[in-house]
Protein chains: 2
Amino acid sequence: MSTIGKALSLLDTVSRLDKEAGLTDIARLCGLDKATARRFLVELEKHGFVEQDPETRRYRIGSAPVRLARIREARYPFLRVAVPFIKALAEASTETVHLSEFSGSRLSTIHVEDSPRAHRVNVEVGTLLPFHATASGLAYLAFCPPDEIDAALSKPLERVTEYTIVDPAVLRGLLDETVARGFSINHQGIEAGVVSTAAPIRAPGGHPIGCVAIAAPMVRADQAGLMEFGAQVVAAANAISEKYYGSERPAGTTAQIRRTG
Amino acid sequence: MSTIGKALSLLDTVSRLDKEAGLTDIARLCGLDKATARRFLVELEKHGFVEQDPETRRYRIGSAPVRLARIREARYPFLRVAVPFIKALAEASTETVHLSEFSGSRLSTIHVEDSPRAHRVNVEVGTLLPFHATASGLAYLAFCPPDEIDAALSKPLERVTEYTIVDPAVLRGLLDETVARGFSINHQGIEAGVVSTAAPIRAPGGHPIGCVAIAAPMVRADQAGLMEFGAQVVAAANAISEKYYGSERPAGTTAQIRRTG
DNA sequence: GCATATGGTTCAATATTTGAACCCATGCTT
DNA sequence: AAGCATGGGTTCAAATATTGAACCATATGC
């Protein structure tokens with residue numbers, strides 16, 4: 001792997017830690033030599049991507065990403081565009097709705113609107129969404145080119161709950177259904193007692209960039225309800241895509257999405 | 001320079017562009033070979049730090065920084081802590097108040113509260129603040145260790161307006177005054193007709209991390225008014241520092257700050 | 001006061017980066 | 001339609017930066 005890649009992976013590792021970490025821990029977690037980890041950290045610090053607490057000597061994420069994020073969001077306000085739709089959907093569905101974005105070869109939650117109900121599904125911003133075990137992951141993957149699907153399914157698939165599907169062949173079946181339907185359904189794959197539906201937000205080329213998902217307690221989602229949620233996530237995802245990328249519609253399998261949306 | 005440094009500089013360059021740029025332009029702006037620039041971009045893209053528009057093939061900042069920024073702000077909410085103080089100060093002073101943060105060896109504006117008046121100073125979020133020509137820059141530098149001051153003053157200093165001070169010896173005098181006073185004053189150094197005062201927000205070790213500044217049209221700031229503004233920025237900067245870092249006061253020259261604040 | 005742990009540094013061996021030259025489209029000009 | 005210019009992207013030997021075992025320094029616990 002390139003040095004840059006290793007350094008960015010280190011940054012990623014640091015960002016995933018619950019708290020600030022010391023040099024030795026970081027090196028171990030990244031599988032790097034202490035000297036190497038240190039040089040990376042120094043270099044990253046120079047550019048503001050990490051900072052070292054002068055007292056504890058531990059490292060944390062720096063302020064450079066904040067600057068870049070502001071620029072990105074100013075020029076390309078995905079959240080600003082998407083959040084109103086997520087809010088509206090949360091209100092309409094009275095269930096927890098979350099928005100994910102593909103970044104750095106993973107799908108991560110970037111916004112959540114909680115259900116107003118007492119009994120609800122709680123999702124944390126920042127949560128990573130495994131492709132095989134979440135509605136968002138399946139919706140994302142379903143609309144990816146075959147080689148990306150192959151790559152995702154050839155990795156080891158964790159059995160998160162007793163209901164998680166880890167058989168690639170079965171998963172491929174789900175992906176086909178997802179494409180046909182326009183949205184994905186996940187039965188307790190990531191959390192027992194929870195069902196989700198998700199639809200991809202797609203770039204003009206057709207490639208997904210993220211997903212809209214509704215997560216509800218199983219007791220409130222019968223077959224008809226699920227179909228209704230599905231229609232809603234598809235509508236929201238398409239609306240976001242349209243607003244984000246202008247009036248252009250995604251090419252390729254557009255018809256399939258519209259059909260069900 | 002290390003590869004990582006070069007790649008992060010490239011990222012920085014891309015972030016400074018007004019619009020998305022092509023490979024050749026980026027390579028030229030960074031002084032890199034096209035092949036090198038490309039490998040960097042590919043690597044950065046893998047990790048979500050840039051993305052390439054599939055249609056125009058141009059590059060822009062990706063979504064990874066947004067993720068990191070959220071984590072940083074969640075764990076270390078500088079803006080969240082500071083903004084209320086900036087708002088309060090803007091209201092109290094009825095002038096434009098802005099907040100800057102040191103990141104990647106530069107001071108940049110991260111929040112602005114505009115004056116409610118029609119005749120006011122406008123500052124853009126993201127603006128870089130030269131150390132020698134802005135109140136924030138001087139306030140920051142004044143409380144830095146000598147070697148950082150030397151480094152900053154040994155670089156070529158741009159004469160931004162006809163009033164900009166570019167003589168390192170004179171600037172050192174201003175820095176001494178700033179330390180003695182607890183806040184800096186900038187007379188038209190970055191924009192004719194504008195005076196500013198600024199005070200540093202400092203980490204527990206005493207090193208500045210950013211500044212609070214008031215910028216006012218000269219006609220509204222006489223000597224007494226300027227001292228009042230100065231006292232206000234010092235109070236705000238100290239309050240932010242205290243809230244941000246807990247109850248600890250910055251070590252070292254604390255007394256000087258408190259004396260004037 | 002010894003043992004252990006962590007942050008940090010060094011330098012020869014090694015793997016990665018580099019860039020001139022190249023290819024391939026696209027679009028403009030003659 | 002051939003010629004030319006421009007921009008994205010690629011190749012591979014030469015140049016250079018990266019690597020990591022061993023090292024030092026300091027702090028904490030026993």
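The basis for the numbers below is simple: all heavy atoms, side chains too, and nothing from hydrogens, waters or symmetry mates. The structure displayed is predicted, hence computed values, not measured ones. Chain identifiers are assigned alphabetically (A, B, ...) following the order of the sequence lines, protein sequences preceding nucleic acid strands; residue numbering begins at 1 within each chain.
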Exercise for the section: Considering only NZ, NE, NH1 and NH2 on the basic side and carboxylate oxygens on the acidic side, decide whether Arg80(A) and Glu73(A) come within less than 4.0 Å. Expected result: no
Exercise for the section: Starting at atom CZ of Arg28(B), determine the distance to atom C1' of dT6(D), rounded to an integer number of angstrom. Expected result: 13 Å
Practice task
Specify the residue among Thr56(A) and Lys6(A) whose closest nucleotide of DNA chain C lies further upstream toward the 5′ end.
Solution key: Thr56(A)
Problem - N/O donor-acceptor pair, side chain Lys34(A) with base dG8(C), under 3.5 angstrom - result: yes
Practice task
Verify the contact: side-chain N or O of Tyr59(B) to OP1 or OP2 of dG9(D), cut-off strictly under 4.0 Å; return yes or no.
Solution key: yes
Handout entry: Phosphate OP1/OP2 of dG8(D): any Arg57(B) side-chain N/O under 4.0 Å
Key = no
Practice task
Provide, to the nearest angstrom, the distance between the CG atom belonging to Leu32(B) and the P atom belonging to dA20(C).
Solution key: 12 Å
Exercise for the section: Have a look at Glu43(A) and say if it touches a base, only the backbone sugar-phosphate, or nothing, with a 4.0 Å heavy-atom cut-off. Expected result: nothing
Exercise for the section: Could you tell me whether the side chain of Lys34(A) reaches within less than 4.5 Å of the side chain of Leu23(A), counting heavy atoms only? Expected result: yes
Practice task
Taking only the side-chain nitrogens and oxygens of Thr3(B), find out if one of them lies under 4.0 Å from OP1 or OP2 of dT18(D).
Solution key: yes
Fill in the blank from the handout: Whole-Å distance, Phe40(B) CZ to dG9(D) C1', equals 16 Å
Practice task
Check the distance between dG8(C)'s P and Arg58(A)'s CZ and give it to me in whole angstrom.
Solution key: 12 Å
Handout entry: Arg39(A) side-chain N/O to dT19(D) phosphate OP1/OP2 under 4.0 Å
Key = yes
Practice task
Measure the distance from CD on Gln52(B) to C1' on dG8(D) and round it to the nearest whole Å.
Solution key: 9 Å
Handout entry: Mutual orientation of the aromatic rings belonging to His207(B) and Tyr140(B) [parallel < 30°, tilted 30-60°, perpendicular > 60°]
Key = perpendicular
Handout entry: Nucleotide dT19(D), atom P - distance to CG of Leu10(A) in whole Å
Key = 11 Å
Exercise for the section: Considering just the side-chain nitrogens and oxygens of Ser2(B), establish if one lies under 4.0 Å of OP1 or OP2 belonging to dA17(D). Expected result: no
Problem - Test item: side-chain donor near acceptor, His132(B) and Glu158(B), under 3.5 Å - result: no
Practice task
Would you kindly give the CG-to-P distance between Asp53(A) and dG8(C), to the nearest whole Å?
Solution key: 12 Å
Exercise for the section: Using the closest heavy atom to pick a nucleotide of DNA chain D for each, name whichever of Ala21(B) or Ala35(B) lands nearer the 5' end. Expected result: Ala21(B)
Exercise for the section: Determine whether Glu148(A) and Phe143(A) make a side-chain contact, defined as any pair of heavy atoms from C-beta on separated by less than 4.5 Å. Expected result: no
Problem - Interatomic distance where CZ belongs to Arg38(A) and P belongs to dT18(D) [whole Å] - result: 15 Å
